[in-house]
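The model shown is predicted, which means the values in this text are computed figures rather than measured ones. Quick note on labels: first sequence line is chain A, next is B, and so on, each numbered from 1.
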2 protein chains.
Amino acid sequence: MKRRVTLKDVARYAGVATGTVSMVMNNSPLVAAATRERVLRVIRERGYVYHRAAAQLRKKRTDIVGVSTCDLVNPYFAEVAAGVEQILEEQGRALVLGNARESTVRQARFLATLREYNVEGALVMPAIGTTRAAIEEVISWHIPLVMVTRYVPGVFCDYVGNDNRLGSVLATRHLLDLGHRRIAFIGYNRRTSTGRDRFAGYRAALAGAGVALAAELVVECAASRQAGFDAVTRLFAASRPPSAIVCFNDLLAFGAMLGLQHRGVAIGGECSVVGADDIAESALWTPALTTVAVDAEGIGRAAAHVLWQRLEDPGRSPTRQTLTPKLVVRTSSGTAPRPRLKGRTA
Amino acid sequence: MKRRVTLKDVARYAGVATGTVSMVMNNSPLVAAATRERVLRVIRERGYVYHRAAAQLRKKRTDIVGVSTCDLVNPYFAEVAAGVEQILEEQGRALVLGNARESTVRQARFLATLREYNVEGALVMPAIGTTRAAIEEVISWHIPLVMVTRYVPGVFCDYVGNDNRLGSVLATRHLLDLGHRRIAFIGYNRRTSTGRDRFAGYRAALAGAGVALAAELVVECAASRQAGFDAVTRLFAASRPPSAIVCFNDLLAFGAMLGLQHRGVAIGGECSVVGADDIAESALWTPALTTVAVDAEGIGRAAAHVLWQRLEDPGRSPTRQTLTPKLVVRTSSGTAPRPRLKGRTA
DNA sequence: CCGGCAATTTGAACCGATTCAAAATGCCCG
DNA sequence: CGGGCATTTTGAATCGGTTCAAATTGCCGG
């Protein structure tokens, strides 16, 4: 077992002091070009490998960033993570990944671990149920934290996400413009900021058009295909079903469309459906889903960028950055059907 | 700025030697229970935080594992990564993530970085075009490496993946059993082991049934929905279209089904379609897709487990572990249509 | 009361980089 | 030729744990 080549060895072979080699490794402009060349040649010849842990002991920088995902199996969060990775890679920082799987316990455990690794900062997609205290604890450790995609109310720190409220406004307004008045909202979840904001946009758009919000048209449920199917079943079992549905996300919309097809309701005709996220399948469904496109990778990239800014200038006040979603109109939404004028003609 | 609480401080406050505190931190059975309690109390009271980089300097273990994904945006690989994360988390190891996005350059750069972090091992999903030399270089650094999902031929190291050959055999045999004889294969890609193995299974199943492989029924193309659509267009433009299609994966199958619907070909009747992977959408399509289910998370978990075994016993000979996929029959596949007996009746 | 053995505890050297005050070197100008 | 200044280089102290040979403590049987 050969001993590892250390910086000291390099210094000896190159005939310089350890400090000089260190400066070469850190691209210091103070070393003379000729010296730098000589040192670099020795490094190459001897196969020297920089030892980051040793460096970290004295230097304060670690070039490590922690990333906590709430659910990596969900393609949306995986895309956000991919965006984050892209920027961190460009910055030459390493990414330590944790997947909370929507468990605040796992999330807390991961964040505590990050502390032992002396990460420079953390990008957190808060798991459902994350408390203000949990986030503030991390900040109290002096680890710069950026909330991504979801935020925890009342926490004073950076946030990058989608403008979910606007997204729902666009979706709902689109339906209102098509003449719809009985518009349902399915997938309301008050436990995440995304859930609350998307609902708030729906509510605001209705109010803006002078349409009263009908409690029986709001369905609180999970964000799965099955839940969408069930929600439609429930809505259409009632006396006055909606003529359009705003869905919390595309998965729910798919379930809803299946439910409508199952009942023989014409999608885009008798009942319109709008989703959110614009995942890959949305364009391929029959009918193609009208949805609010969210740039998940862009959010990840922006979040990594915001963390970088904070590291550059720790004093700056927290930013709250939202990317603007845009409505993609396809065939699952159409003009409102004429109301059947029951009895009125009599 | 308060100075950080070090192990030495803990030792002083607890009235013991640094060595003792170190042993407590490492759960050594040598410290007396009473001493351990006292030290732990001081640690809690003073808010001591273990400094892994410092520990690493002397200890050889790092508890860090590198994970290189070939494409994190692909839900399949994201699932594998999630499986890996789950096991590493249980083992108390940190996961440093890299996303090669199918670039061998990015992959190589990431693997080189891992060396500087002194990772205990690496789990690599080789990017398209990964050479034997690239993998062997990592091994030459004495970093235990496990290839996941894809393998590079000729490399003598651990591998965990799906039995793709078997999967295609199951799919093809299923179609043969339904009476099909003109069976196409779309999405052949000879640049990944998955591509080669899935094609090999198709070829073997045909041979086993005494059916000649028709070159015009094999389409080499990307693994996207669009490619599936285009492949069908091509196959059905020819004189004798297939009565069934084995697709490299589900995405391709969706594209193919859209293509068939577009041409007015009855899926499961006039032409059957079988996919592979069984992603979430597959069960929801109309018709529901018959496919070969692959346990992506299971593969990730198994891979992390294999790495653990190798760390426990570096001397063991490399394993080559494949999980068994299983056929999920749904409605996109049906009995072969009667051949139209052109002219024969005359 | 003592020798012997097992169970604990000690603490100084060490891991491999970074730091920075001080020294060395080179160059220009009077 | 020497002083002054800018450019490079030096190297010992330091970061915060781990190690392990050696010392200490406790207990038991004789």
Least distance between heavy atoms, A/T62 atom then B/Y117 atom: O-OH, 3.8 Å
Short side-chain donor-acceptor distance under 3.5 Å, B/D163 and B/T324: no
After noting the C-alpha distance and the side-chain angles of B/Q56 and A/H51, does the key distance pass the side chain to side chain contact (heavy atoms under 4.5 Å, CB included) rule? CA-CA 10 Å; B/Q56 190 194 139; A/H51 192 305; 3.9 Å; yes
How long is the line joining CE of B/M23 and C1' of C/dG11, in whole Å? 13 Å
B/E37 CD - C/dT8 P separation (whole Å): 14 Å
Residue pair B/L57, A/L57: steps toward the side chain to side chain contact (heavy atoms under 4.5 Å, CB included) verdict: CA-CA 9 Å; B/L57 206 48; A/L57 204 49; 3.3 Å; yes
From CG of B/L30 across to P of C/dT9 the rounded distance in Å is 9 Å
Strictly below 4.0 Å, heavy-atom distances to any atom of DNA chain D: list the hits from residues 42-57 of chain B, or just say none. B/Y48, B/V49, B/Y50, B/H51, B/A54, B/A55, B/L57
Take the protein atom CG of A/N27 and the nucleotide atom P of C/dT18, then report the distance between them rounded to whole Å. 11 Å
Evaluate B/K59 against B/N26 for side-chain hydrogen bond (donor to acceptor under 3.5 Å, both in side chains), listing each step before the verdict. CA-CA 11 Å; B/K59 212 175 5 192; B/N26 291 284; 2.7 Å; yes
Numerically ordered, the residues 5-18 of chain B set in heavy-atom contact under 4.0 Å with DNA chain C is B/G15, B/V16, B/A17, B/T18
For the CE atom of A/M25 and the CE atom of A/M23, what is their distance to the nearest 0.5 Å? 14.0 Å
Specify the closest pair of heavy atoms between B/Q107 and B/A100, including all atoms of both residues, with the distance to one decimal. CB-CB, 3.8 Å
Rounded to the nearest 0.5 Å, what's the gap from CG on A/L114 to OG on A/S68? Could you check? 7.5 Å
Just checking, is any N or O donor in the side chain of A/T319 or A/D158 under 3.5 Å from an acceptor N or O on the other one? yes
Here the distance between atom P of C/dC15 and atom CZ of A/R4, to the nearest Å, is 12 Å
Between B/T20 and A/N26, just flag the one whose closest nucleotide in DNA chain C comes earlier from the 5' side. B/T20
Which part of the nucleic acid, if any, lies within contact of B/V21, taking any heavy atom under 4.0 Å across all strands shown: a base, the sugar-phosphate backbone alone, or nothing? nothing
When rounded to the nearest 0.5 angstrom, what distance separates CG in A/L123 from CD in A/E85? 12.0 Å
For DNA chain D, note the earliest and the latest nucleotide, 5' to 3', having some atom under 4.0 Å of a heavy atom belonging to chain B. D/dG16 to D/dT19
Does the side chain of B/M147 reach to within under 4.5 Å of the side chain of B/V124, using non-hydrogen atoms? no
